[in-house]
Amino acid sequence: MELTPPANRLAFTGVAAVMKPIDEQHIAEPGLVVMDITSGDEDTVRAVMASLEERWATSGIGPVHRDPGEPGVRARIYADVLRPGRGGK
């Protein structure tokens with residue numbers, strides 16, 4: 001099966017080369033997730049990370065990467081969706 005980008009997307013790329021492989025420890029328990037975020041600009045990526053941080057316990061707003069020759073910017077965030085974040089309830 002060949003993966004192709006949806007018509008409204010610039011390109012389909014896999015996980016950015018600068019991002020390290022996901023370690024088993026990162027997802028060892030129910031509720032732990034690793035999210036790779038891709039957007040056209042750094043402000044959007046940071047806004048998404050901040051929003052996730054409000055909802056869940058996360059690794060915080062991390063570095064944003066731009067891969068030469070690839071569209072957009074990327075970031076990775078680790079979250080525990082079973083624990084509340086800064087906006088907790």
Side-chain angles (χ1 to χ4, degrees):
M1 178 170 102
E2 185 178 343
L3 297 176
T4 57
N8 63 343
R9 300 291 185 254
L10 293 175
F12 176 82
T13 58
V15 175
V18 296
M19 293 186 185
K20 296 179 182 176
I22 297 170
D23 189 288
E24 188 174 324
Q25 179 181 350
H26 296 138
I27 55 172
E29 299 174 24
L32 299 180
V33 297
V34 179
M35 292 175 271
D36 291 328
I37 303 165
T38 304
S39 179
D41 62 276
E42 292 183 25
D43 290 340
T44 301
V45 170
R46 287 192 175 97
V48 169
M49 287 191 284
S51 179
L52 293 170
E53 187 176 47
E54 290 289 323
R55 182 177 181 102
W56 299 313
T58 72
S59 57
I61 298 173
V64 177
H65 305 280
R66 184 176 300 277
D67 295 328
E70 295 291 327
V73 294
R74 293 171 178 78
R76 176 174 283 175
I77 192 167
Y78 303 89
D80 182 342
V81 300
L82 301 179
R83 290 183 19 212
R86 293 184 304 135
K89 294 177 173 135

Between atom CD of Glu42 and atom NE2 of His65, what is the distance when rounded to the nearest 0.5 Å? 10.5 Å
Candidate list Val81, Asp80, Thr58, test side chain to side chain contact (heavy atoms under 4.5 Å, CB included), partner Val33, passing option: Val81
Applying the side chain to side chain contact (heavy atoms under 4.5 Å, CB included) criterion to Ile37, which one of Thr44, Val73, Leu52 satisfies it? Leu52
Smallest separation among heavy atoms of Ile77 and Gly60, with atom names: CD1-O, 3.7 Å
Separation between CZ of Arg66 and CZ of Arg74, rounded to the nearest 0.5 Å: 9.5 Å
Work out which heavy atom in Pro63 is nearest to a heavy atom in Ala75; give both atom names and the distance. O-CB, 3.6 Å
Locate the shortest heavy-atom distance separating Gly31 from Leu82; write the atom from each residue and the value. CA-CG, 3.8 Å
With side chains defined as the heavy atoms from C-beta onward, is the minimum distance between Arg76 and Val34 less than 4.5 Å? yes
Is it true that atom CZ of Arg83 has more than 12 heavy atoms of other residues, nucleotides or ligands lying nearer than 6.0 Å? no
